[in-house]
Structure formats: structure tokens, C-alpha cells
Amino acid sequence: MPPKKKVEEAKKIILGRPGNNLKIGIVGLPNVGKSSFFNTLSKTDLGKAANFPYATIDPEEARIPVPDERFDWLASVYKPKTTIPAFLTCIDIAGLTAGASTGAGLGNAFLSHVRAVDGIFQVVRAFDDAEVIHVEGDVDPLRDMQIISTELRLKDIEWVEKELERLRKGSKNLGSVSLADKAKKEEMNTVEKILKILVEDNMDVRKGNWTNKEVEVINGLTLLTAKPITYLVNLSERDFVRKKNKWLPKIKAWIDENNPGDSLIPFSVSLEERLVSMSDEEQAAEGETLGLGKTPSALGKITTAGYASLQLIRYFTCGPEEVRAWTIRKGTKAPQAAGVIHSDFENKFICGEIMAYEDLKENGSEAGVKAAGKLRQQGKPYEVVDGDICYWKSGQ
């Protein structure tokens, strides 16, 4: 008997909007440090930091360079005229309050702004300061996290119920013969499953177990709880330096119970505000003084985590004119990756000459990589890997 053909596993579709121009929004209750964090992250004063709720109304946007030691090394080797790193687009969004899902505070505007981003930095306040009021009266990060979780789910439930009602109205005339009718029924079943996850299982949509067809339906709904969340716990400088805070273990336990697997990053806005005006040398000296090492800032770690949460990776193009990092979504094939540079590269794609960053570093030069037989020609089916160095060939 001839050997059985190997059944290829279907490629898993990622939750969220396709593409490489994805955005992450800073979300949290009023006066937890969101705008101050945005200002230090973006090195601007765009975010309206103030000691009262709703200081931020219209979202501010900034592109934040994503730190990468590989990129720095490539720049040192090629010594190009210009360098362009990968960027993460970050949005400062107005504070959310209890009842936002029903329009309280800036509720409807806030939730539409969250809907427009692809991922969430959720800022949680875990420090007491009599000078900084708290919209709920006192500091309780677990309550604050529960408020945000509840409001996002309630809004999703409202949207999903409306969608289900629309589908049910259209299903009255559905037969069971045509493929279109069958597809509509499958879509309705998926929406019912989404509602069950939200209402009965009390889970975020992104924590459900979904097939590719179901993911396509979810992506069409742009649900709030389908977006990845990175939890950023804003500590006092003292607590951050001593790596101790009474709320941190409780916050970790809450995440493990409610949204297992999500990232938790402690940081201190007050420390970041001091560091942002310092030179690299002064930051390193301050870090050594505080016992935090030569990189005391947590902003690079936060930016990298946000970038990764959106399933973004980067490849490099290198030469004497420019070393550049190009952002693509994980799983992107070579023609589409080339198309990020120019649509003609995708439309007239021939192949890519590709080497791994590790191979270039090990062999010291492109000639060394070639001599070692590590420079590869890849065609249309090739999925670009994070850290690939690519040269695209396209037709005229």
C-alpha cells in the first residue's frame, strides 16, 4: 500500500485585525497614572496628566521605538547613514469608570476608543498618595481590575446580543440546502457560543477555545475582550526599587484566576518621570545607585511586551544606506512581508534571499554566511521568522 499522505495541520488564525499597523491602547480608571505613563513612554507631554477625572478626553497617539539588541548590533556592523527601528503605536485613552458600559462618565466614547485599538495596556494603581485622588475613594487594585473587566464584558454582551438578534431575524427564512444558508447557521452558532463564554462562563472571549471559522466570526465583531491585555502595575518608586508591594501577590492571583497567561509588569511612573529627562549615562548611574542595574527603566520591557502581545515580529533589511526593522504579523508569508516595503514587491514577487540574524552574528559577515551555506533562497510559501535578514527579488 502506498504511504498515507501526511495531513497538514490547518494554520491557526490569530484573533484580531490582520495587518502590521496595529495599535495598543492605555486603559485604566482615572488618576492611576495613564497619561503620565504615556508621556514618559512617548517622551512628550501630549497626554493631559492632571489630578482630576477625565483630564484626557480625545485619545493621543505616539509611535514608540521597540528596543532590540539585534537591531543595535546590525547598525554597528553596517554603519548605515540612517537607522529605522520597529515601532509600537500607542494610544492614551480617557479613564474608565464603573457604569461605562451604560454610558456613565465618558463611557460610550471611551469604549469606542478601546474598540479602535488592537491590544490593551491596563494600568493599575498600587500606591497610596494623599495628593492624588482616586475616583473610587481609596486604592484597591483588585476592585479596579474587576471594574474594567466587568465593563468590557458588559459592552461585549450588549454587542453580541444585538448581533444574535440580527442573525435570528434573518434565519427565519433559511433552508438547510444551500451553502450560504449553512454558513449563516454556523455563524449564528458561533455567536451563541461567544455569548455563552461571556455570560455563563464569565470569561473573556480571547480565553475561549476557538476554531479558525469561529475566529473569523469573532474578528468581524471587534470585541473588547478579544484583545490581548498586558497588566502594568504602577508602584511608588520606593516599592519598585525594593521589589515589594502588598498588592502584587494579590494582583498576580487575580490574573491567574480570571485571565491566566496574561503578562504582569510592575513599574513606577514617578521613577520613569525622573529618568526620562536623564541621558543614557545618567540613567545607568542612577540605576546603579538604586540597585536596579544599568537599565533602571521598565519602559523598554513594557514596549516589547506590548509588541509581542499583538503577535508582531520584525525582519531586517541591511545595507550602507539604511538598516531598518520592518514590522509584520507572526505567520506572514514572504510575498506579503515584502509587500510591507512596497506593493510591487508583493505583486511581482520572485523570491527572497534570507539569512538568520544568528547566522550573520556567528559568521561575522554576509560573505561568511554565504560561504557557510546559510544564505537561503525562499519562495512564496516561506513564512518569515522573527529576526530574518531579507533581500527581496521582484520582477519588472
Handout entry: Minimum side-chain heavy-atom gap Leu154-Trp159 below 4.5 Å
Key = no
Handout entry: Closest approach of Pro80 to Ala75 (non-hydrogen atoms, all atoms of both residues)
Key = CD-O, 3.4 Å
Practice task
Flag the pair Arg206 and Asp262 as a salt bridge only when some basic side-chain nitrogen lies within less than 4.0 angstrom of an acidic carboxylate oxygen.
Solution key: yes
Exercise for the section: For the pair Thr225 (side chain) and Val205 (backbone), establish whether a donor and an acceptor sit closer than 3.5 Å, ignoring hydrogens and angles. Expected result: yes
Practice task
Indicate if Val276 and Met278 have the same hydrophobic cluster label, given that clusters are the connected sets of ILVMFWY residues with side-chain heavy-atom separations under 4.5 angstrom.
Solution key: no
Practice task
May I ask you to say whether Glu163 pairs ionically with Arg166, meaning some side-chain N is under 4.0 Å from a carboxylate O?
Solution key: yes
Practice task
Decide, yes or no, whether a salt bridge links Asp118 with Lys227 under the criterion of side-chain N to carboxylate O below 4.0 Å.
Solution key: no
Fill in the blank from the handout: When rounded to the nearest 0.5 Å, the distance separating OG1 of Thr304 from CG of Asp68 is 8.0 Å
Handout entry: Steps toward side-chain contact (heavy atoms from CB on, under 4.5 Å) verdict (Phe127, Arg238)
Key = CA-CA 10 Å; Phe127 66 90; Arg238 178 173 175 269; over 6 Å; no
Handout entry: Basic-acidic side-chain contact under 4.0 Å: Lys361, Glu358
Key = no
Practice task
Would you confirm whether Ser277, through its side chain, and Arg274, through its main-chain N or O, come within 3.5 Å as a donor-acceptor pair?
Solution key: yes
Exercise for the section: Answer yes or no: is there a donor N or O on one side and an acceptor on the other, between the side chain of Ser268 and the main chain of Leu235, under 3.5 Å? Expected result: yes
Exercise for the section: Kindly indicate, with the supporting measurements, whether the criterion salt bridge (Lys or Arg N to Asp or Glu O under 4.0 Å) is fulfilled by Glu158 and Lys155. Expected result: CA-CA 5 Å; Glu158 181 191 320; Lys155 201 65 187 179; 3.2 Å; yes
Exercise for the section: Could you tell me whether Arg242 atom CZ has more than 12 heavy atoms of other residues or ligands within 6.0 Å of it? Expected result: yes
Exercise for the section: Please tell me if the side chains of Ser297 and Phe267 come closer than 4.5 Å, counting only heavy atoms from C-beta onward. Expected result: no
Handout entry: Note, Leu299 side chain near Leu275 side chain (heavy atom, < 4.5 Å)
Key = no
Exercise for the section: Would you name the heavy atoms of Phe349 and Ala338 that are closest together and state the gap between them? Expected result: CD1-CB, 4.2 Å
Exercise for the section: Before accepting this row, confirm whether a basic side-chain N of the pair Lys374/Glu362 lies closer than 4.0 Å to the acidic partner's carboxylate O. Expected result: no
Exercise for the section: Just do the side-chain contact (heavy atoms from CB on, under 4.5 Å) check on Ile148 and Asp144 with the steps written out, would you? Expected result: CA-CA 6 Å; Ile148 292 174; Asp144 296 356; 5.7 Å; no
Problem - Joint hydrophobic cluster, Leu223 plus Val191, side-chain heavy atoms closer than 4.5 Å - result: yes
Exercise for the section: Determine, for Phe316 and Arg314, whether the Lys NZ or Arg CZ falls below 6.0 Å from the six-membered ring centre while staying within 45 degrees of the axis. Expected result: no
Exercise for the section: Of all the heavy-atom pairs spanning Trp247 and Val139, show the shortest one and how long it is. Expected result: CZ2-O, 3.6 Å
Practice task
Establish, from distance only, whether the side-chain atoms of Asn20 and Thr327 form a donor-acceptor pair under 3.5 Å.
Solution key: no
Handout entry: Heavy atoms of other groups near Lys23 NZ, more than 12 under 6.0 Å
Key = no
Exercise for the section: Answer yes or no: is there a side-chain heavy-atom contact under 4.5 Å between Trp210 and Val217? Expected result: no
Practice task
State whether Arg168 and Glu192 are salt-bridged, where the test is any N-O pair (Lys NZ or Arg NE/NH1/NH2 against Asp/Glu carboxylate O) under 4.0 Å.
Solution key: yes
Handout entry: Side-chain donor/acceptor of Tyr315 to backbone N/O of Ala325, under 3.5 Å
Key = no
Practice task
To the nearest 0.5 Å, tell me how far Leu312 CG sits from Asn21 CG.
Solution key: 9.5 Å
Problem - Rounded distance (nearest 0.5 Å) linking atom CG of Leu232 with atom CD1 of Ile120 - result: 11.5 Å
Practice task
Find the distance between CG (Leu41) and CD1 (Ile302) and round it off to the nearest 0.5 Å.
Solution key: 7.0 Å
Practice task
Check Ile14 against Val215 and note the closest heavy-atom contact, atom names and distance.
Solution key: O-CG1, 3.8 Å
Problem - Ser76 side chain to Trp73 backbone, donor-acceptor under 3.5 Å - result: yes
Problem - Check: Glu366 and Leu375 side chains under 4.5 Å, non-hydrogen atoms - result: no
Problem - Gap separating the CD1 atom of Ile328 from the NZ atom of Lys333, nearest 0.5 angstrom - result: 11.5 Å
Problem - Approximate separation, where rounding is to 0.5 Å, of Glu60 CD and Ser35 OG - result: 8.5 Å
Problem - Expected output: side-chain Lys43 to main-chain Thr40 donor-acceptor under 3.5 Å - result: no
Practice task
Please tell me if the side chains of Glu353 and Arg376 come closer than 4.5 Å, counting only heavy atoms from C-beta onward.
Solution key: no
Exercise for the section: Examine the side chains of Tyr382 and Asp388 and answer whether a donor and an acceptor come within less than 3.5 Å of each other. Expected result: yes
Practice task
State, with a plain yes or no, whether a side-chain heavy atom of Met145 is found less than 4.5 Å away from one of Ile251.
Solution key: yes
Exercise for the section: Go through the side-chain N and O atoms of Glu321 and Thr82 and say whether any donor and acceptor fall under 3.5 Å apart. Expected result: no
Practice task
May I ask you to test the Tyr357-Leu74 pair for a side-chain heavy-atom distance under 4.5 Å?
Solution key: yes
Handout entry: From Arg70, Lys330, Arg329, residue fulfilling salt bridge (charged side-chain N to carboxylate O under 4.0 Å, His left out) relative to Asp386
Key = Arg70
Practice task
Grab the two heavy atoms, one from Pro266 and one from Ala298, that are nearest each other, plus how far apart they are.
Solution key: O-CB, 4.3 Å
Practice task
Can you see which heavy atom on Ser42 is nearest to which on Ile64, and at what distance?
Solution key: CA-CD1, 3.6 Å
Practice task
Kindly check if the number of other-residue, nucleotide or ligand heavy atoms within 6.0 Å of CG (Asn209) is above 12?
Solution key: no
